[in-house]
Protein chains: 2
Amino acid sequence: MTKKPIEAANPSAVRAHAATRASADGEEAPTSNRATRAAERRAAIVEAAMEEFIARGFAATRLDDIARRAGVAKGTIYLHFKDKESMFEELVRIVIVPVVARLTALPPPTGSVRDLIEAFAGNFLREVIGTRRGDLVRLIVAEGPRFPSVADFYYREVVSRGIAAMRALIEVGIARGEIREKDLARYPQILVAPAMIAVIWQSLFARHSPLDAQDMLRVHLDLIFGERRTT
Amino acid sequence: MTKKPIEAANPSAVRAHAATRASADGEEAPTSNRATRAAERRAAIVEAAMEEFIARGFAATRLDDIARRAGVAKGTIYLHFKDKESMFEELVRIVIVPVVARLTALPPPTGSVRDLIEAFAGNFLREVIGTRRGDLVRLIVAEGPRFPSVADFYYREVVSRGIAAMRALIEVGIARGEIREKDLARYPQILVAPAMIAVIWQSLFARHSPLDAQDMLRVHLDLIFGERRTT
DNA sequence: TGACTATGACTGACCAGTCAGTCATAAGTA
DNA sequence: TACTTATGACTGACTGGTCAGTCATAGTCA
């Protein structure tokens, strides 16, 4: 059943193997510690899986491709993840959580609400819009209906928190007289909408007509807070 | 190769056949005209395909399922469409075109810019948000990167036209003094963003927390045009 | 050496696309 | 009109290829 003779007669298999290891990434030092190695491989798999899922979507992604890209055999994937589905679900968690953590680590509440929101938007711009992470958001929108657990997770960890945080900020803004439109507190989605549109625009239409997300967000904040004094 | 004897001995084949025809849809009158029949079937296939593609995405949709849902044999699909991919592409065209046609058939330009935009938003709300068509938009966002032709079509027929139309309206609004924020004309996306968010929200998060899209759009227009006199 | 980790050939399920055959209807004929 | 022949729309069993997941074997570390 196995092809031992052929393999024995074909040392290139070993060479190819070693080559894969070495060439997968230029940096990979042969870390001795076992746990470290495992963690590195897991990270490589996650990275590769994200690339593939973003590029092809869940159903069309082949585990063979993920394995090849990660410089790992297919079986290895199954040492880290139960199956394709749970790999996708874990992947989303693994990638989203640190982003949320970084974004919610807001600077101390100094200055105006507008400054606060501007700082937040700046982070979002840097961390999400036009990055691999932005593509992940699009992927969640795409696969959400087929992965209720992913949609639930995303709603719970990102959307509901984000909405709540924005609502709190808006309420402060209204109390301080920075924001006129009182009903805005009922729809924090309006505050966030252009940022989401920017994310989607960058992955779908950037090559038709590029979008200056930063400038657009500025205009949007002008709309909400009134024109800014030209600082 | 053929199973003539078996079929001859098995009249159920004929019965099954007739049954399929009759039971496919309760309404199907035995239209006599051949061309009419063909058109009906094509429509049934398109309808079924849309349901399946929306529910499962392109890659995970089985043509067998589309055929069953349309009450048609798989082979029949290939009489109408070249293959799965071009079926998907044509499908998007077939469904999008009439919607655009209806939405761009604007009422005569009476009244304020705000009234115009409100009428448009009302149509959009009725025609797209929370409907099967809205799900199709989500599907385009999802599959766009893998179907450049679909993304291109959508950009050309829907996005660029929509943006241009909105920009024109905004410019009139600015000229007439209805809209303060002059820079808005540079980013008509901001005007449209909450509507898009509503579409996506309804397909992903409606069950977590329903969204009153109509009210939200009203608030957003208040933001742009200023509070409305309580008519 | 013994336990743990990694490999990749293999299996079986699944599915897009095909095509030989059927049959309702249209066209032709008397 | 009534009867025969031609057409092509429609069917669904079948094929070839693909791919998730398995597992016997090989390699590695402590």
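Every chain is numbered from 1 and lettered A, B, ... according to where its sequence line falls, protein lines coming before strand lines.
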For [X] and [N], what is the distance between atoms [atom1] and [atom2] respectively, to the nearest whole Å?
X	N	atom1	atom2	answer
Arg41(A)	dT28(D)	CZ	P	11 Å
His80(B)	dG17(C)	NE2	P	16 Å
Phe81(B)	dT18(C)	CZ	P	16 Å
Arg37(A)	dG27(D)	CZ	P	15 Å
Arg56(B)	dC14(C)	CZ	P	13 Å
Glu40(A)	dC29(D)	CD	C1'	15 Å
Leu79(A)	dA6(C)	CG	P	6 Å

- prompt: Going by atom types only, do Asp83(A) and Ser86(A) share a side-chain donor-acceptor pair under 3.5 Å?
  reply: yes
Atom pairs, N/O to N/O, protein against nucleotides 18-22 of chain D, distance under 3.5 Å?
residue: dC19(D); atom: OP1; partner: Arg62(A); partner atom: NH1; Å: 3.2
residue: dA20(D); atom: OP1; partner: Thr61(A); partner atom: O; Å: 2.9
residue: dA20(D); atom: OP1; partner: Lys84(A); partner atom: NZ; Å: 3.3
residue: dA20(D); atom: OP2; partner: Leu63(A); partner atom: N; Å: 2.9
residue: dA20(D); atom: N7; partner: Lys74(A); partner atom: NZ; Å: 3.0
residue: dG21(D); atom: OP2; partner: Tyr78(A); partner atom: OH; Å: 3.0
residue: dG21(D); atom: OP2; partner: Lys84(A); partner atom: N; Å: 2.9
residue: dG21(D); atom: N7; partner: Lys74(A); partner atom: NZ; Å: 2.9
residue: dG21(D); atom: O6; partner: Lys74(A); partner atom: NZ; Å: 2.6

field: Under the side-chain hydrogen bond (donor to acceptor under 3.5 Å, both in side chains) test, residues paired with Glu127(A) that sit two or more places apart
entry: Arg102(A), Arg133(A)
task: Using the side chain to side chain contact (heavy atoms under 4.5 Å, CB included) rule, take His80(A) and Thr76(A) through it: C-alpha gap first, then chi angles, then the decisive distance, then the call.
output: CA-CA 7 Å; His80(A) 293 273; Thr76(A) 306; 4.3 Å; yes
message: Ring-plane angle category for Tyr155(B) and Trp201(A), please: parallel below 30°, perpendicular beyond 60°, tilted otherwise.
response: perpendicular
query: What orientation do Phe88(B) and Phe53(B) show, parallel under 30°, tilted 30 to 60°, or perpendicular over 60°?
result: perpendicular
task: Could you point out which residue of Ile140(A), Ile96(A), Leu91(A) forms a side-chain contact (heavy atoms from CB on, under 4.5 Å) with Val150(A)?
output: Ile140(A)
